[in-house]
Amino acid sequence: MFIRNLLCWMETAPDASRAEAVQALARSYLTSDLAREERGDVEAAMTWLLDDRSPIVRAALADTLAESAAAPRHVILALANDIPPIAALVLMRSPLFLDAELIDFAALGDPDMQMAIARRPLVSAAVAASLAETAVLDACLELLANPAAMLTRPALERLVERFDSNAELRRALMTRPGVPLAVKQKLVAQLAEQMCRVPAVGTGLKAERARTVLGEARDRITVAMAQGADRAEIGSLVEHLRQSAQLTPTLLLRALCTGNMSLYMAAMSDLAQMPGPRVETILISGWTSSLRALFKRAGLPPKLYSAFEVAVVAYREIAAAGEPLSGFEFTRRMIGSVLAGHEPEEGFDDGLDSLRRLLRRLETEAARDFARDFVQQASLPAA
């Protein structure tokens with residue numbers, strides 16, 4: 001009788017008052033100890049309210065039921081098919097949805113609904129992959145901002161493919177914890193490629209020079225990102241670099257001269273198709289003949305054997321002396337050793353000039369980084 005009287009009253013009551021009554025009715029269903037018949041009456045009333053003329057009333061029903069696993073499933077599904085602002089209330093919070101249902105709702109293409117799904121307390125890998133494939137940019141940004149979103153590497157790579165030109169998404173990918181190095185490097189490489197086509201860059205630099213500068217910047221960031229990464233991450237990064245033709249002698253020499261031996265060892269192991277421990281033994285203590293055999297098997301240009309050999313020997317000497325294996329002084333000593341000890345093979349005069357230019361740029365980079373760090377540290381007490 002109470003439910004009947006309530007429904008009759010709601011026929012003429014103001015929207016705000018009816019919304020409050022709906023909230024009380026929904027709360028009674030979720031929290032009160034109702035008899036079976038009473039519970040059925042309340043459920044029927046809520047089902048009837050799905051057709052209420054006022055979105056305020058339907059939103060009140062959705063907001064009250066959204067987070068409960070005890071809510072009537074058919075009511076939640078009906079609310080999810082309501083207008084987007086109401087659907088978003090349950091799509092974001094209700095635990096009753098199946099992954100397949102969430103994927104279907106995301107595929108409808110409404111931005112509000114996609115953003116609501118991206119903000120859920122837990123977004124499964126399947127749902128996250130669906131959003132990465134179909135959702136609008138704002139929803140994908142919400143997905144990246146959600147630490148509970150289970151984003152796999154293929155889903156992250158799809159985001160890179162779809163929105164690599166968007167600065168906000170690039171920033172979100174680079175700062176999100178757990179994004180694989182290979183994905184971040186792909187983003188860096190694509191950005192460098194895009195900048196080569198920017199008219200302002202082409203105006204200030206010749207095309208070949210611009211490509212060289214941006215390629216070196218890409219390599220520098222790649223080596224820096226790999227610094228301190230675990231073996232699995234570095235292995236995945238090296239595989240990506242090889243597949244994308246970025247695992248070049250230039251990058252390898254940069255890694256070696258800046259102290260990233262982990263990246264260099266992993267790269268040589270991948271290129272030579274040899275076990276990591278065996279490569280490590282050769283690089284740390286192998287004879288010259290073993291080093292050159294490794295360089296040959298890895299496919300390095302024969303004209304660069306001498307440069308890499310000198311660099312490896314210099315690294316060994318610095319390590320044996322117990323001195324730091326990174327930083328400006330390390331890089332300067334490594335570069336000085338290579339420039340002084342490298343003997344070009346026959347017919348390598350032009351290549352030697354190119355190598356020297358690269359090493360001097362590396363030395364300049366290291367010196368500028370050291371100066372920035374020095375000034376920053378010196379300014380801390382005053383600040």
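Note that these values count all heavy atoms, side chains included, but never hydrogens, waters or copies made by symmetry.
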### Any residue meeting side-chain contact (heavy atoms from CB on, under 4.5 Å) with R176, in chain and number order, not counting sequence neighbours
L144, A149, L151, V179
## Note on the structure
One should read off an interatomic distance between S28 OG and L30 CG, to the nearest 0.5 angstrom, of 8.0 Å
### Task
Quick one: closest heavy-atom pair of A311 and L256, and the distance?
CB-CD2, 3.4 Å
#### Entry: Closest non-hydrogen atom pair between A267 and V238, with its separation
CA-CG1, 3.8 Å
### Query
Under 3.5 Å, is there a donor-acceptor pair between the side chain of R158 and the main chain of E133?
no
### Message
Can you list everything that forms a side-chain contact (heavy atoms from CB on, under 4.5 Å) with E157? Sequence neighbours excluded, please.
### Response
R153, V183, K186
### Task
With sequence neighbours excluded, give me every salt bridge (charged side-chain N to carboxylate O under 4.0 Å, His left out) pair touching residues 315-331.
E323-R333, E329-R332
### Query
Is a donor on one side and an acceptor on the other found under 3.5 Å between the side chain of S269 and the backbone of M265?
no
### Message
Going by the rule side chain to side chain donor-acceptor pair (under 3.5 Å), which residues pair with Q273 if we only count those two or more places apart in sequence or in a different chain?
### Response
none
### Any R297 side-chain heavy atom under 4.5 Å of M268 side chain
no
### Message
How about CD on E168, more than 12 heavy atoms from neighbouring residues, nucleotides or ligands closer than 6.0 Å, or not?
### Response
no
### Query
Does the side chain to side chain contact (heavy atoms under 4.5 Å, CB included) test come out yes or no for D164 and L191, once each step is laid out?
CA-CA 7 Å; D164 64 312; L191 178 60; over 6 Å; no
### Query
Looking at A272 and L294, what are the two nearest heavy atoms and their distance?
CB-CD1, 3.9 Å
### Task
Check F97 against V90 and note the closest heavy-atom contact, atom names and distance.
CE1-O, 3.3 Å
### Task
Verify, without hydrogens or angle tests, whether R58 (side chain) and D52 (backbone) share a donor-acceptor contact under 3.5 angstrom.
yes
### Task
For E67, check salt bridge (Lys or Arg N to Asp or Glu O under 4.0 Å) against everything at least two apart and list the hits.
R93
### Query
With sequence neighbours left out, what residues match T222 under side chain to side chain donor-acceptor pair (under 3.5 Å)?
Q185
### Query
Does any pair with a residue in residues 262-276 pass salt bridge (charged side-chain N to carboxylate O under 4.0 Å, His left out), and if so which ones, sequence neighbours excluded?
R242-D270
#### Entry: For L283 against L291, the heavy-atom pair lying closest together
CD2-CD2, 3.9 Å
Would you be so kind as to tabulate the donor-acceptor pairs closer than 3.5 Å made by side chains of residues 101-130, with sequence neighbours excluded?
residue	atom	partner	partner atom	Å
E101	OE1	R73	NH2	3.1
E101	OE1	L98	N	2.9
E101	OE2	R73	NH2	2.5
D110	OD2	D112	N	3.0
D110	OD2	M113	N	3.1
Q114	OE1	V136	N	3.0
Q114	NE2	A106	O	2.9
R119	NE	E142	OE1	3.3
R119	NH2	E142	OE2	3.1
R120	NH1	L91	O	2.7
R120	NH1	S94	O	2.9
R120	NH2	S94	O	2.7
S124	OG	D99	OD1	3.4
S124	OG	D99	OD2	2.9
S124	OG	V127	N	3.3

### Message
List the residues meeting salt bridge (Lys or Arg N to Asp or Glu O under 4.0 Å) with E233, not counting sequence neighbours, and say none if there are none.
### Response
none
### Message
Between P301 and P249, is there a side-chain heavy-atom distance shorter than 4.5 Å?
### Response
yes
### Query
Going through the checks in order, is the side chain to side chain contact (heavy atoms under 4.5 Å, CB included) test met by L181 and H240?
CA-CA 9 Å; L181 284 179; H240 161 71; over 6 Å; no
### Task
Can you sort out the partners of S326 under side-chain contact (heavy atoms from CB on, under 4.5 Å), two or more places apart, ordered by chain and number?
none
### Task
Measure the CG-CZ distance between L141 and R171 for me, rounded to the nearest 0.5 Å.
10.0 Å
## Note on the structure
To the nearest 0.5 Å, atom CZ of R27 lies from atom OG of S32 at 10.0 Å
### Query
Between R162 and L169, is any pair of side-chain heavy atoms under 4.5 Å apart?
no
### Task
Report, as yes or no, whether the 6.0 Å neighbourhood of atom CZ on R278 holds more than 12 heavy atoms from other residues, nucleotides or ligands.
no
### Message
Could you tell me if the side chain of L61 sits less than 4.5 Å from the side chain of L50, heavy atoms only?
### Response
yes
### Query
Does any pair with a residue in residues 42-51 pass salt bridge (charged side-chain N to carboxylate O under 4.0 Å, His left out), and if so which ones, sequence neighbours excluded?
none
### Task
Check the pair T64 / V22 against side chain to side chain contact (heavy atoms under 4.5 Å, CB included), numbers first and verdict last.
CA-CA 9 Å; T64 307; V22 165; 6.0 Å; no
### Message
Distance check, rounded to the nearest 0.5 Å: D219 atom CG versus T250 atom OG1?
### Response
7.0 Å
### Query
Do the ring planes of F330 and Y315 sit parallel (below 30°), tilted (30 to 60°) or perpendicular (above 60°)?
perpendicular
### Query
Does CE belonging to M261 count more than 12 external heavy atoms closer than 6.0 Å?
yes
### Query
What pairs with R170 under salt bridge (Lys or Arg N to Asp or Glu O under 4.0 Å), at least two apart in sequence or on another chain?
none
### Query
If every non-hydrogen atom of L156 is compared with every non-hydrogen atom of P180, which pair is closest and at what distance?
CD1-CD, 3.6 Å
### Stepwise side chain to side chain contact (heavy atoms under 4.5 Å, CB included) test for S306 and R292
CA-CA 9 Å; S306 177; R292 295 221 165 195; 4.0 Å; yes
### Task
Can you measure from CD1 (I282) to CE (M274) and round to the nearest 0.5 angstrom?
4.0 Å
### Message
Using a 3.5 Å distance criterion without hydrogens, assess whether the side chain of S236 forms a donor-acceptor pair with backbone atoms of A232.
### Response
no
### Side-chain (D82) to main-chain (A78) donor-acceptor, under 3.5 angstrom
no
